[in-house]
Amino acid sequence: MATRIVARKLEKRFGHIHAVRGIDLEVPAGQVLGFLGPNGAGKSTTMRMITGFLEPSAGTIHLEGIDLAEDPIRAKRTFGYLPEGAPAYPDMTVEEFLGFIANARGFRGRDAKDRVERAIGRVNLQSVRRQAFETLSKGYKRRTGLAQALLHEPGILILDEPTDGLDPNQKFEVRELIKELGGDRAIVLSTHILEEVEAVCTRAIVINMGAIVFDGTPAEMESRASRETTKNRMDAAFRAMTTGDVDARTSKGTRR
Amino acid sequence: MNALQRTAVVFRREFRSYFQTPLAAVFLVIFLFLAGLFAFNIGGFYDRNQSDLRPFFQFHPWLYVFLVPAVSMRLWAEERRNGTIELIMTLPFGVADLVIGKFLAAWAFTTVALALTFPMWITVSWLGTPDHGTIFVAYLASALLGGAFLAVGAFLSSLTKNQVIAFVLCAVACFVLLLAGFPAVLDFLRGWAPRGVVEGLASTSALTHYESMMRGVIDLRDILYFLLVIAAFLVLNIFAIDWKKSD
Ligand SMILES: Nc1ncnc2c1ncn2[C@@H]1O[C@H](COP(=O)(O)OP(=O)(O)OP(=O)(O)O)[C@@H](O)[C@H]1O
Ligand SMILES: [Mg+2]
């Protein structure tokens, strides 16, 4: 299956708030997709629908060809998900927490232990493995969240702000990890750091007020900045698309 | 993994979590202390000169009214507060696996607390010759009552992320469930309500069924009553979680 994520005409309403307005998305294997947009644009809401945490008000989602609404349990095996803020149980140690995730993914005994070891090694959690989650620094919390998402080596990774709140060194490490993971996976990550998109993503999508306003490569996105701009061209392009400075907001012209 | 294995994974994590916080110790101490206090001081355990455990079991419903909500309030409210609800709902679990696994863990925990009162049983056996069958059925009744209250509390906990609200709602609901069978309430109603209504109301009360079992009589209807309450509130819990998903 080449196309790992297919979302069609996704809509989400919270009472009178229309958070997501008709998002279409196809992510093939090997693609690292950067999800961009201002605060409240609907990035997290879209990811929560794709991972089955929220039910779409309308639209369909297929993961590795499995209909999420029809067979949620099987569909949920296909991806690893890092929710916004990297939540985990505060009283559990890193090791215990990852052990639980391994069991939840159907690994037991030796198998589960191996998986936990590999995940700990992959994101360098050795030094804090016996520490309670609530006592970890932000960076280690985020890494624990990543380890949890990677543990079963899924073909799909959905990461909501994986580098938020990390220091420059850790940001670098996480980006390297994501690049490394790329390969045969479909990765969707949201971020507010535009240089990150240039560094790791093969495709960028900008959403504003619940709708896609740009879909293309990072280089194409940069070229949307006005010619006079020389510095921070990504930022300029982002502002143009999401504040209405230029008519970049009419979605027709910007979709591929 | 089948549903049973998934539920077992949820159960294990949840059950262990009770012992990772002081909650377990605090709960066990308070439960054992109050159960003993009520039985000996208020229930007149010694004065009755009878070797049974009635004074002990008599107070369980009232003890559970505020101890069970302390256990159940955290079941879902805490997952919402920690944000871990988003994690468990996106792991390959079904909603029923989560609801049942969590409920069973809480029930196992309160049942452990109840089982730790076994020195009472030993004491009466040592002082006299109690009817062991009666005591066993009373223990069963107490465990079932705790389970019914927990199911109510788990459902109410799924409606809010505020643990205090979850606690109060559960305590009130359990109290109402008891009150419908309280003699004073029934006597008051008998004054004017038709007999059928009063009996009907009494039969919906947990207290009526609990007391009939406490006497040592195993009546299938009593057991069925508790199991039905548990099942009904677990189903409501599943609906509540599903409904929150679509908000
Ligand atoms: N449970 C909810 N109930 C009501 N409104 C909600 C809910 N969740 C999200 N919203 C609203 O939906 C809109 C989109 O929110 P979302 O969290 O998806 O934005 P985002 O793009 O992830 O923003 P950020 O960059 O700040 O993380 C916002 O207006 C938000 O207030
Ligand atoms: Mg967000």
Side-chain angles (χ1 to χ4, degrees), chain A residues 12-15 17 19 44-45 47-58 68-69 71-93 96-97 99-108 112 132-134 141 145 148-149 151-152 154 158 160, chain B residues 1-26 74-102 105 109 158 161 163 238-247:
Chain A
K12 185 67 192 179
R13 291 168 193 274
F14 298 105
I17 301 173
S44 298
T45 304
M47 289 176 152
R48 285 178 176 149
M49 288 192 285
I50 293 174
T51 54
F53 177 59
L54 288 176
E55 211 161 282
S57 308
L68 180 65
D71 195 348
I73 295 179
R74 214 152 68 83
K76 284 171 182 176
R77 292 197 184 119
T78 62
F79 63 80
Y81 175 40
L82 172 70
E84 193 168 31
Y89 294 102
D91 300 310
M92 285 180 122
T93 67
E96 285 167 347
F97 175 65
F100 162 65
I101 299 293
N103 293 154
R105 295 288 181 193
F107 302 109
R108 11 209 99 251
F133 182 77
E134 63 183 341
K141 282 186 177 161
Q148 162 275 121
L151 190 126
H152 62 303
I158 302 187
D160 201 348
Chain B
M1 282 208 297
N2 59 37
L4 203 66
Q5 291 168 317
R6 295 194 303 262
T7 306
V9 171
V10 176
F11 174 90
R12 272 205 309 273
R13 195 213 69 76
E14 189 76 26
F15 188 69
R16 271 171 51 188
S17 79
Y18 286 99
F19 300 93
Q20 276 169 335
T21 61
L23 179 80
V26 170
R74 47 175 296 286
L75 276 175
W76 292 99
E78 197 163 77
E79 299 274 1
R80 287 192 189 285
R81 207 197 47 195
N82 288 337
T84 41
I85 181 103
E86 191 164 351
L87 200 72
I88 51 173
M89 297 281 290
T90 54
L91 284 168
F93 293 126
V95 177
D97 307 330
L98 294 167
V99 167
I100 295 170
K102 274 173 159 293
F109 174 68
S158 71
K161 72 167 142 195
Q163 301 205 16
I238 292 172
F239 278 128
I241 300 283
D242 259 337
W243 169 71
K244 284 252 170 185
K245 245 170 80 170
S246 51
D247 225 4

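Note: hydrogens, waters and symmetry copies are ignored here, and every other heavy atom, side chains too, is used. Proteins come first, then strands; the chains are lettered A, B, ... in the order of their sequence lines, and each starts at number 1.
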Specify the closest pair of heavy atoms between [X] and [Y], including all atoms of both residues, with the distance to one decimal.
| X | Y | result |
| --- | --- | --- |
| B:Leu91 | A:Ala104 | CD1-CB, 4.0 Å |
| B:Thr84 | A:Pro87 | N-CB, 3.9 Å |
| B:Pro92 | A:Lys76 | CA-CB, 4.0 Å |

Item to check | Beyond-backbone contact of B:Ser17 with A:Asp91, side-chain heavy atoms, under 4.5 angstrom | outcome: no
Checklist entry - Heavy atoms, side chains only, cut-off 4.5 Å: are A:Asn103 and B:Met1 in contact? => result no
Where does [X] contact chain A at under 4.5 Å (heavy atoms): side chain, backbone, both or neither?
| X | result |
| --- | --- |
| B:Glu79 | side chain |
| B:Ile85 | both |
| B:Thr90 | both |

Item to check | Among the listed options A:Met49, A:Arg108, A:Met92, A:Gln148, the residue most often paired with chain B at heavy-atom distances under 4.5 Å | outcome: A:Met92
Item to check | Derivation of the side chain to side chain contact (heavy atoms under 4.5 Å, CB included) call for A:Tyr89 and B:Gln20 | outcome: CA-CA 11 Å; A:Tyr89 294 102; B:Gln20 276 169 335; over 6 Å; no
Per-residue contact mode, [X] against chain B (heavy atom under 4.5 angstrom):
| X | answer |
| --- | --- |
| A:Arg74 | neither |
| A:Leu82 | neither |
| A:Pro72 | neither |
| A:Phe97 | side chain |

Next on the checklist: Once salt bridge (Lys or Arg N to Asp or Glu O under 4.0 Å) is applied, do any residues pair with B:Glu86, and if so which ones, sequence neighbours excluded?
Outcome noted: A:Arg48
